[in-house]
Each structure stands twice: as C-alpha cells, then as structure tokens.
Novice: 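This is the structure I have questions about; it appears just below.
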Amino acid sequence: MDINIIKAQIEAEIQGLDTLVKLEEFRVKYLGRKGILAQLTSTIPGLPIAERGTFGQQVNSLKSYLLSLIEEKERSFGAGPAQAIAGAVDPGMPGLAQSVGRLHPITQIMDEILGVFSRMGFSVVEGPEIETEYNNFTGLNIPLEHPSRDAFDTFYLKPLAATNKLLLRSHTSPGQIRVMKARKPPLAVVVPGRVYRPDAVDASHLFMFHQIEGFMVDENIRFSDLKGVLEVFAKSVFGQDIKMRFRPHFFPFTEPSAEVDISCIICKGKGCSVCGRKGWLEILGSGMIHPKVFAHVGYDPKKYTGFAFGLGIERIAMLKYGINDIRIFFENDVRFLEQF
Ligand code: DAH
C-alpha cells in the first residue's frame, strides 16, 4: 500500500464529513483496532529489513497527521465533547444531597442495653461466632444426645478433627465458659453478639439473630441480685412503670431457672394481640448458674454462686418499636432503616 495514496484519500474523505457521528466512523475506519493504519503496521514484518524502519516512521507520521486533522475537524463543529461538559457548569443547579448514614436499629438497641449494664458495673466481652462443641454445649451442662440439645439446633462446621467439633454458636452462653476459664471471680460480664440456628425463616424466626448473655459470679450472689439487676434493665429500656414477673422454667445451665416477663408495653397488662391477651411479654431466660457449670470451669461451687441471663435483641427491638416481622431488620430496605 502506498502511504501517499492513503494520505490523499484521508484528506479527500475528511472534507465531506459534516457530523460528529460520521467523524467517529471515519476515526474508527483509520485508527480503530482493525483500521487501515493497523493493517499498514501489520505488513511491516513482511518487508525487507532495510525498508522496515522508514516505512514504520511514515506510518507514525501519517497517524499524527490524521489525529491533527480529526482534532481540527472536531473544533470546526464547535466545542468537542469534553469542552461541552466543561463549558456547561451551571452554578444555579442544586448540589447533590449527601445521605448521612446511621447505626442499624439492632446496633442501637444493643448499645443502649450494653450501656445500662456497663453503668451497673458490668464489663463487655465478645466471643467468637465459631465455637467449640464443648463451650456451646458440654461446658454448659447440655450433654451429648440430651434432648435439650434439640432446643439449640445447631449449624455444625465440617470437622477438621474428630476430637474438636466446631459449630456456629447457637447462643451467647458459651461466653460464660470462656470468661470464667480465663478470669477469677468477682465477675460481672455481658457478652453481646450474633448467634445462628437452622430455623425455617418466618415472621418470628431467622437463621441468625443477636443475643446478650449476662452473668455475675462471686461469693454470696443471690437470686435477689438477679432480680434487682434485671429490674433496672427492664425499666431503663421499657419505662419505669413496667412490671416484671419470674416464671419457673428449665435451662440445663441454671438451677433454679426462670423465664422473665414484663407487663405488655402495648396494653399495659390488659391483654391485646401483641401479648396474645395474656398481658405479659416474655423477654429473657435466666437463673442461678448450675454447680456443674462451675465445676467445668474449675470454680468451687461451694464457694461461689452466680446468676446468668440471656436475651434476644431482635425480640426486644420488635417489642419496643412495635415491629411484627423479624425479617425486615436484614432486608436492608433504606425506607425501614432510616426511621431509626
Ligand atoms: N442461652 C439461652 C437461649 O439461647 C438463653 C438463656 C437462658 C441464657 C437462661 C441464660 C440463662 O444465661 O440463664 O435460649
């Protein structure tokens, strides 16, 4: 191909272009990946060695010439695309609104509750979401094959070794085992965090939710200490006029155990659809730490006593804000989240 013929052809063609679209087609025809200049370049290896250098230079200068022609043509159409934007700044246009983020409602409630307990002298300790079977069950007096394990249905991880089975913790109670093994009484600790259970998802169940475990251990800790601490908690979160009741219950890690209800915050105890006409809402499980749990962590059950409790954050948030579907917390719909 003769470079001079191509050059003449370029000059003739560009004359007739009268729109930016045509100019762009022209640019692609010559400078595109499979364009005429690329074809010229690809012939270079087939030329006699002595001619390659000169021909290469000719192609390069044709390319610069072509670029300058295109630029000139662009200018003749008025401002080029880049300049069009730069010239179009409109100082009267409203600015882009910044949307300010905030803490997730579950995090807000979590912080509020942890704040209540820290003001009573509890320290906050976090544990891992992947737990050993021992800390989640055995240490808490939930023996293997015991039917009570069904209540804490669990996601097991693929075992690395048969001796140390790992799972996603089904409650924050293993925090008791970890802290008691690592420290000595007196202890007042709250353990917040995510827990996991293979539950079918519906308006009141998710496979993941949040709990706070709390416990206090020392000489002479009594059930009345548990009641006092929980009363401060319930009144701070739900209001000073709330009533509480302790119902006997069974948990393997506490003896005696109790479920704790507050008077319904919607109907104030009269009975409504939220409390199922009972006038009471269950908010947590609690009890006096079982002597067998103390034995597992190496505490002398004759010397020490303690209480423990565990509460679900989503449930408390739902009661406090009148939310009737737990799934909405994790759908990440901004219209829901921005109300908090
Ligand atoms: N771990 C229990 C659960 O997930 C809650 C609980 C009940 C914790 C009683 C406690 C307790 O410490 O004493 O359902």
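Each ligand, and each atom within it, is numbered from 1 in the order the structure gives. If you're wondering where the values come from, they're calculated on a predicted model, not measured in any experiment.
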Novice: Between Phe330 and His104, what is the ring plane arrangement, given parallel below 30°, perpendicular above 60°, and tilted in between?
Specialist: parallel

Novice: Report yes or no: does Arg169 contribute a side-chain atom to a donor-acceptor pair with the main-chain N or O of Gly127 at less than 3.5 Å?
Specialist: yes

Novice: Near Gly310, which atoms of ligand 1 are under 4.0 Å from a heavy atom of that residue?
Specialist: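 Once the distances to Gly310 are compared, the set is 6 (C), 8 (C), 10 (C), 12 (O).
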
Novice: Looking only at heavy atoms of Gln211, does any of them come nearer than 4.0 Å to an atom of ligand 1?
Specialist: yes

Novice: What are the atoms of ligand 1, with element, lying closer than 4.0 Å to any heavy atom of Gln176?
Specialist: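 The atoms of ligand 1 under 4.0 Å from a heavy atom of Gln176 are 12 (O).
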
Novice: Between the side chains of Glu314 and His210, is a donor N or O closer than 3.5 angstrom to an acceptor N or O?
Specialist: yes

Novice: Parallel under 30°, tilted from 30 to 60°, perpendicular over 60°: which one fits the rings of Tyr134 and His296?
Specialist: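 Tyr134 and His296: perpendicular rings.
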
Novice: Could you say whether the N/O atoms of Phe251 and ligand 1 ever approach to under 3.5 Å?
Specialist: no

Novice: Please report the interatomic distance CD(Glu255) to CD1(Ile289), rounded to the nearest 0.5 Å.
Specialist: 13.0 Å

Novice: In ligand 1, which numbered atoms sit nearer than 4.0 Å to a non-hydrogen atom of Ser286?
Specialist: 9 (C), 11 (C), 13 (O)

Novice: Any idea which atoms of ligand 1 are less than 4.0 Å away from a heavy-atom of Gly287?
Specialist: 13 (O)

Novice: How does Phe253 reach ligand 1, by side chain, by backbone, by both or by neither, if only non-hydrogen atoms under 4.0 Å count?
Specialist: side chain

Novice: Against heavy atoms of Glu213, which atoms of ligand 1 measure under 4.0 Å?
Specialist: 8 (C), 10 (C), 12 (O)

Novice: Using the salt bridge (Lys or Arg N to Asp or Glu O under 4.0 Å) rule, pick out the option among Glu131, Glu213, Glu126 that qualifies with Arg178.
Specialist: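 One option only clears the test, and that one is Glu131.
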
Novice: Has Phe215 got any heavy atom lying under 4.0 angstrom from an atom of ligand 1?
Specialist: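 Heavy atoms of Phe215 never come under 4.0 Å of ligand 1.
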
Novice: Quick one: which ligand 1 atoms are inside 4.0 Å of a heavy atom on Ser173?
Specialist: 1 (N), 8 (C)

Novice: Given 3.5 Å as the limit, does a donor-acceptor pair link the side chain of Tyr299 with the main chain of Met180, or not?
Specialist: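 Confirmed, Tyr299 side chain pairs with Met180 backbone.
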
Novice: If you measure from each heavy atom of Arg197 to ligand 1, is any distance below 4.0 Å?
Specialist: yes

Novice: Once you measure the plane-to-plane angle for Phe26 and Tyr30, does it fall in the parallel (<30°), tilted (30-60°) or perpendicular (>60°) bin?
Specialist: tilted

Novice: Could you check whether any side-chain N or O of Asp261 sits under 3.5 Å from a backbone N or O of Arg245, counting only pairs where one atom can act as donor and the other as acceptor?
Specialist: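 No, the answer is negative, given that no donor and acceptor are paired below the 3.5 Å cut-off.
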
Novice: I'd like to check whether His171 has a polar contact with ligand 1, where a contact means an N/O of the residue lying under 3.5 Å from an N/O of the ligand.
Specialist: yes

Novice: So which of Pro252, Gly285, Ser257 gets nearest to atom 9 (C) of ligand 1, if we judge by its closest heavy atom?
Specialist: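 Shortest heavy-atom distance from atom 9 (C) of ligand 1: Gly285.
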
